[in-house]
Amino acid sequence: NKMRKFKSLLLVAFLTLGMSGVVNAQKIGHVVYERVIANMPETRALQAELAKITKTYKDDIDGMKKKLDDKIKKYTAEQAQQTEDTNKQRAQEVQVDNSRIQQAEQAAYQDIQEKQNNKLVPIIAKARKAINDVAKAKQILYVIDASAGRGLLVSDGEDLYDAVKEKLGLLADVKQPTAPVQN
């Protein structure tokens with residue numbers, strides 16, 4: 001009889017512990033991943049750097065376009081006074097300049113994309129590690145990305161944003177300009 005009581009106690013203890021183990025194992029957190037990345041100081045610095053590079057390229061290319069426009073105006077105005085050969089040569093020159101501009105635009109675009117992609121890799125790795133560390137500290141096994149359109153239907157789990165914000169020194173959200181209401 002004592003043995004049976006002991007066994008049922010053991011069973012109750014096992015079930016209780018087992019259940020709390022299951023409950024613990026199911027601890028889920030969520031975070032808006034895009035918001036974490038967007039508010040990292042490194043991301044803001046990268047955006048500023050890319051804006052500067054983009055402006056430099058734009059200024060250079062705009063300068064090339066202006067020179068070409070001036071050349072076209074000059075050649076068009078002088079067309080009647082020139083020989084057919086000179087006009088053909090000038091038309092070819094304009095085509096060459098035009099392709100040069102297109103190549104410069106493509107090279108600029110590729111360079112900016114490459115810089116962005118290369119510099120985002122360590123930023124994303126740092127964000128993932130911070131989220132992982134926060135989840136570990138809070139004994140959370142699963143973290144769901146709650147970014148827009150990711151389909152988070154129930155958000156009963158713990159929102160890890162503030163803990164991640166503290167860990168990464170995240171900056172305040174950038175206020176999005178609100179669109180005027182259309183009547």
Side-chain angles (χ1 to χ4, degrees), residues 2-61 104-183:
K2 266 188 182 172
M3 198 62 195
R4 187 181 287 150
K5 244 186 192 159
F6 180 69
K7 272 187 181 165
S8 56
L9 267 176
L10 236 157
L11 186 65
V12 168
F14 175 75
L15 282 175
T16 312
L17 287 174
M19 288 316 282
S20 74
V22 168
V23 170
N24 238 354
Q26 298 305 319
K27 237 179 131 184
I28 292 176
H30 57 88
V31 71
V32 179
Y33 190 53
E34 283 166 18
R35 185 179 174 206
V36 171
I37 301 284
N39 290 335
M40 287 174 70
E42 295 88 338
T43 307
R44 297 279 174 86
L46 175 59
Q47 285 169 335
E49 184 188 329
L50 291 174
K52 209 161 128 185
I53 294 166
T54 303
K55 188 188 179 327
T56 304
Y57 275 129
K58 188 185 179 323
D59 291 348
D60 289 350
I61 291 165
E105 284 177 327
Q106 210 161 9
Y109 176 76
Q110 282 174 333
D111 184 49
I112 291 163
Q113 285 295 110
E114 207 171 291
K115 278 189 171 68
Q116 180 180 5
N117 294 341
N118 290 342
K119 295 197 174 188
L120 268 178
V121 170
I123 291 172
I124 289 167
K126 186 175 179 180
R128 278 188 182 271
K129 185 186 181 317
I131 292 167
N132 202 15
D133 292 349
V134 165
K136 252 196 193 117
K138 292 176 173 285
Q139 296 179 319
I140 290 173
L141 288 189
Y142 301 96
V143 178
I144 297 166
D145 179 4
S147 297
R150 294 288 188 277
L152 181 68
L153 300 177
V154 179
S155 61
D156 279 345
E158 188 175 347
D159 187 348
L160 305 184
Y161 187 80
D162 289 335
V164 173
K165 180 179 181 172
E166 195 177 310
K167 189 161 194 67
L168 287 172
L170 297 180
L171 305 166
D173 292 320
V174 174
K175 291 274 175 277
Q176 294 302 322
T178 50
V181 179
Q182 300 288 320
N183 285 346

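Computed from a predicted structure; not experimentally measured.
Applying the salt bridge (Lys or Arg N to Asp or Glu O under 4.0 Å) test to Lys55 and every residue at least two apart in sequence or in another chain returns Asp59.
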inquiry  = Before you tell me yes or no, could you show the steps for Tyr33 and Ile131 under side-chain contact (heavy atoms from CB on, under 4.5 Å), namely the whole-Å CA-CA distance, both residues' side-chain angles and the distance that decides it to 0.1 Å?
reply    = CA-CA 9 Å; Tyr33 190 53; Ile131 292 167; 3.6 Å; yes
- Please test Asp173 against Arg35 for side-chain contact (heavy atoms from CB on, under 4.5 Å), starting from the C-alpha separation and ending with a verdict. CA-CA 8 Å; Asp173 292 320; Arg35 185 179 174 206; 3.0 Å; yes
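The minimum heavy-atom distance linking Pro41 with Leu170 is given by the pair CD-CA, 4.4 Å. Leu50 approaches Thr54 most closely through the heavy-atom pair O-OG1, 2.6 Å. When all heavy atoms of Ala146 and Val32 are compared, the closest pair comes out as O-CG2, 3.7 Å. Looking at every heavy atom in both residues, Ala127 comes nearest to Leu168 through CA-CD1, 4.1 Å.
Remark: the backbone N or O of Asn39 is not paired with any side-chain donor or acceptor of Thr43 at under 3.5 angstrom.
Taking 4.5 Å as the limit, every side-chain heavy atom of His30 sits out of range of all side-chain heavy atoms of Val143. Contact of the Lys27 side chain with the Ile140 side chain is registered, since non-hydrogen atoms from C-beta on lie closer than 4.5 Å.
In this structure, Arg128 places its CZ atom where only 12 or fewer heavy-atom neighbours from other residues, nucleotides or ligands lie under 6.0 Å away.
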Please tabulate, one pair per line, all N/O donor-acceptor pairs under 3.5 Å involving side-chain atoms of residues 112-125, not counting sequence neighbours.
residue, atom, partner, partner atom, Å
Lys115, NZ, Asp111, OD1, 3.0
Lys115, NZ, Asp111, OD2, 2.9
Asn117, ND2, Gln113, O, 3.3
Asn118, ND2, Glu114, O, 3.4
Lys119, NZ, Glu49, OE1, 3.2
Lys119, NZ, Glu49, OE2, 2.7

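The NZ atom of Lys167 lies 10.5 Å from the NZ atom of Lys126; values are rounded to the nearest 0.5 Å. In this structure, CZ on Arg44 lies 4.5 Å from CG on Leu171, to the nearest 0.5 angstrom.
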